[in-house]
Number of protein chains: 2
Amino acid sequence: MSPVACAACPLRKRTIFTPFTAEEVVFMQKFKVGELSVDRGTTILMEGSNSPQLYTVLRGQGIRYKTLENGRRQVINFLFPGDFAGLQAGLMGEMKHSVEASSDMVLCVFDRGELWQMFRAQPGRAYDLTWISAVEEHFLGETIASLGQRDATQRVAWALLRMYERLSAVGLAVEGAVPLPFRQQDLADALGLSLVHTNKTLARLRELQLLNWRDGRLHIPARSELAKLALVDLEKPEIRPLM
Amino acid sequence: MSPVACAACPLRKRTIFTPFTAEEVVFMQKFKVGELSVDRGTTILMEGSNSPQLYTVLRGQGIRYKTLENGRRQVINFLFPGDFAGLQAGLMGEMKHSVEASSDMVLCVFDRGELWQMFRAQPGRAYDLTWISAVEEHFLGETIASLGQRDATQRVAWALLRMYERLSAVGLAVEGAVPLPFRQQDLADALGLSLVHTNKTLARLRELQLLNWRDGRLHIPARSELAKLALVDLEKPEIRPLM
DNA sequence: CGCGGGGTATGTCGCAGTTAAATGCGCGCG
DNA sequence: CGCGCGCATTTAACTGCGACATACCCCGCG
């Protein structure tokens with residue numbers, strides 16, 4: 001059965017940051033897999049283009065977004081180490097979204113055309129990918145629920161809390177702070193709010209000492225009630241102070 | 001390479017409604033795959049439960065939803081022939097969403113535990129599943145964009161148009177009408193709108209002869225400008241009449 | 001027959017969230 | 001040095017959408 005633990009990159013079965021094994025190097029060569037380093041601000045995938053590459057994030061953060069017909073931008077999700085990108089357009093055809101590096105990034109790249117060969121040679125990779133897709137889909141579902149049913153405060157709290165936990169789990173927390181190199185506009189576009197309102201909400205959360213996000217680093221105090229806030233409906237009077 | 005056309009069910013490489021081939025029957029037995037018929041209203045998957053089964057829809061429609069902490073419900077997507085359900089919870093663990101039959105349904109069922117064996121024996125299935133996931137993910141991304149950036153009218157227009165096209169493509173359109181056995185409340189919960197507001201929006205779209213949804217059947221007039229409406233921003237004066 | 005429940009249809013009102021516009025602040029650059 | 005530019009912040013005025021209330025329709029049921 002071998003229920004592989006979250007294997008983010010086809011190259012890595014274990015965790016994100018381990019060095020390559022000899023076996024993995026052979027695999028890399030066979031399937032034309034390589035590493036790619038990009039600078040902050042680089043557009044890795046562009047909507048409308050026809051990229052034959054797939055990526056997994058090894059280090060750094062990025063955002064995956066889509067530009068609508070009316071010019072507005074929707075950030076679909078944020079990319080962290082372990083995430084996958086490039087599949088969304090289907091197994092072929094042009095990309096339906098863009099990916100941009102919010103910090104310097106290191107990516108694991110391989111060819112979409114090799115996927116079929118890879119699955120045949122290594123069914124375990126297919127299993128990994130299915131797993132990753134399932135988790136990804138789960139989070140997209142959560143996001144939909146957030147956009148559809150929660151108010152601004154809950155959305156902001158939920159999003160930041162989730163990112164915080166996600167990055168902490170990968171060991172990126174330093175003294176209770178985690179790197180989050182996004183602009184407030186990125187967060188606003190992800191949550192379907194205006195920049196102004198996002199800002200106000202952040203200010204309130206900061207006042208209440210529920211979180212602190214400055215200079216690209218997010219800090220959440222030890223006994224922060226943020227989790228409650230993100231989940232519980234604000235109707236509840238005991239949480240009400242938030243407004 | 002064999003870029004398999006959208007193979008909805010592990011049992012069917014071609015289209016949705018073809019009968020099983022002898023080869024497929026052998027496959028069914030080997031991997032303990034079966035068919036399941038359920039009545040309208042049946043809850044197929046329940047959030048919190050621990051179902052070991054995966055499903056693909058062969059016939060009928062359903063909704064996949066999630067109940068939030070505050071009691072509100074978010075419909076994540078609607079299920080049509082060809083759609084996949086049951087994976088979202090990850091490859092194991094309890095379901096994070098529920099699935100309910102909106103009409104009588106016929107499902108293709110198989111065991112999550114067989115997935116690994118199946119992938120090993122038939123890499124093509126893994127490829128299919130990856131494809132399906134990619135398409136699914138694409139639509140979830142679209143939904144997120146809709147919830148985040150579009151107003152009520154655009155959301156309703158977009159959602160109904162998409163379903164209409166989807167079902168037409170599978171040949172379910174009869175005289176320009178397509179079966180859509182959902183309540184307005186379901187649509188509202190999917191779009192993050194109140195029932196009342198959804199209703200009013202539908203009324204306006206009906207007045208403008210852009211669509212007609214009655215008695216579980218959706219009709220869209222041949223030269224309906226619905227598509228424009230769903231995509232173009234209402235700022236444009238020529239579309240403005242809608243308000 | 002009357003009664004109740006589920007779904008649909010409309011009107012009014014208030015607030016959360018939007019749009020617009022202006023200020024401050026740090027940084028790279030001619 | 002001072003100008004421009006990206007980003008964060010703040011204030012003020014407007015509005016889309018949700019909450020609530022009410023009414024209608026169809027159908028099954030005692």
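Proteins get letters first, then strands, A, B, ... in listed order; numbering begins at 1 in each.
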Exercise for review: Scan for ring-ring contact (aromatic ring centres under 6.0 Å, His included) pairs involving residues 173-209 of chain A, sequence neighbours excluded, and state none if there are none.
Suggested key: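 Qualifying pairs, neighbours excluded: A:Phe78-A:Phe182.
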Review point. Looking at residues 176-190 of chain A, who's got a heavy atom less than 4.0 Å off DNA chain C?
Key: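 Nucleic-acid contacts, sorted: none.
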Atom pairs, N/O to N/O, protein against nucleotides 10-13 of chain D, distance under 3.5 Å?
none

[X]: which residues meet the side-chain contact (heavy atoms from CB on, under 4.5 Å) condition with it, sequence neighbours left out?
X: A:Pro221; value: A:His219, A:Ser224
X: A:Asp215; value: none
X: A:Ser146; value: A:Arg150, A:Arg155, A:Trp158

Distance, rounded to the nearest Å, where [X] contributes [atom1] and [N] contributes [atom2]:
X: B:Asn70; N: D:dA19; atom1: CG; atom2: C1'; answer: 15 Å
X: B:Arg155; N: D:dG18; atom1: CZ; atom2: P; answer: 7 Å
X: A:Arg204; N: D:dT9; atom1: CZ; atom2: P; answer: 14 Å
X: A:Leu205; N: D:dT9; atom1: CG; atom2: P; answer: 13 Å
X: A:Asp215; N: C:dC25; atom1: CG; atom2: C1'; answer: 12 Å
X: A:Leu193; N: C:dT18; atom1: CG; atom2: C1'; answer: 10 Å
X: B:His197; N: D:dG16; atom1: NE2; atom2: P; answer: 9 Å
X: A:Arg150; N: C:dG17; atom1: CZ; atom2: C1'; answer: 18 Å

**Study point:** Residue pairs passing the side-chain hydrogen bond (donor to acceptor under 3.5 Å, both in side chains) test where at least one lies in residues 179-192 of chain A, sequence neighbours excluded
**Key:**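 Sorted pair list: A:Arg73-A:Asp186, A:Arg73-A:Asp189, A:Arg183-A:Asp186, A:Gln184-A:Asn199, A:Gln185-A:Asp189.
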Review point. Which angle, rounded to 10°, do you find between the first-five-pair axis and the last-five-pair axis of the helix from C:dC1-D:dG30 to C:dG30-D:dC1?
Key: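 The value is 20°.
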Point to revise | A:Arg166: partners by salt bridge (charged side-chain N to carboxylate O under 4.0 Å, His left out), with sequence neighbours left out | key: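 So A:Arg166 forms a salt bridge (charged side-chain N to carboxylate O under 4.0 Å, His left out) with A:Asp83.
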Review point. Which residues satisfy the salt bridge (charged side-chain N to carboxylate O under 4.0 Å, His left out) test with A:Lys200, sequence neighbours excluded?
Key: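 Per chain and number, A:Lys200 pairs via salt bridge (charged side-chain N to carboxylate O under 4.0 Å, His left out) with no residue.
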**Study point:** Test log, rule side chain to side chain donor-acceptor pair (under 3.5 Å), inputs B:Thr42 and B:Glu100
**Key:** CA-CA 6 Å; B:Thr42 308; B:Glu100 187 180 314; over 6 Å; no
Review point. Can you name the closest pair of heavy atoms from A:Ala190 and A:Leu147 and give their distance?
Key: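 Here A:Ala190 and A:Leu147 meet closest at O-CD2, 3.9 Å.
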**Study point:** Atom of B:Val75, atom of B:Tyr65 and distance for their closest heavy-atom approach
**Key:**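 Looking at all heavy atoms of both residues, the closest pair is CA-CB, 3.8 Å.
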Check your understanding: Can we say B:Lys66 and A:Glu142 salt-bridge, meaning some charged N sits less than 4.0 Å from an Asp/Glu carboxylate O?
Key ->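 Result for this pair is yes, salt bridge flagged.
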Exercise for review: Ignoring the backbone of A:Arg72, work out which of C:dT18, D:dA19, C:dT19 is nearest its side chain.
Suggested key: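 Of the candidates, C:dT19 comes closest.
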Exercise for review: State whether the side chain of B:Ser103 and the backbone N or O of B:Gly60 hold a donor-acceptor pair below 3.5 Å, judged by distance alone.
Suggested key: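 No; zero donor-acceptor contacts below 3.5 Å.
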Exercise for review: Indicate, with a heavy-atom threshold strictly under 4.0 Å, whether A:Gly192 touches base, sugar-phosphate, or nothing.
Suggested key: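 The answer is sugar-phosphate, as A:Gly192 gets under 4.0 Å only of primed atoms, P, OP1 or OP2.
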Practice item. Indicate, with a heavy-atom threshold strictly under 4.0 Å, whether B:Gly216 touches base, sugar-phosphate, or nothing. Key: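 Nothing, no nucleic acid heavy atom in range.
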Check your understanding: Has B:Arg40 got more than 12 heavy atoms of other residues, nucleotides or ligands less than 6.0 Å from its CZ?
Key ->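 Not more than 12 within 6.0 Å, no.
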Study note, to complete from the structure: Whether each nucleotide of nucleotides 23-29 of chain D has a protein heavy atom under 4.0 Å at its base (B), only at its sugar-phosphate (S) or at neither (-) is summarised, 5' to 3', as -------
Review point. Applying salt bridge (Lys or Arg N to Asp or Glu O under 4.0 Å), which residue pairs with at least one partner in residues 132-141 of chain B are found, sequence neighbours left out?
Key: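 Output for this query lists A:Arg64-B:Glu137, B:Arg64-B:Glu136.
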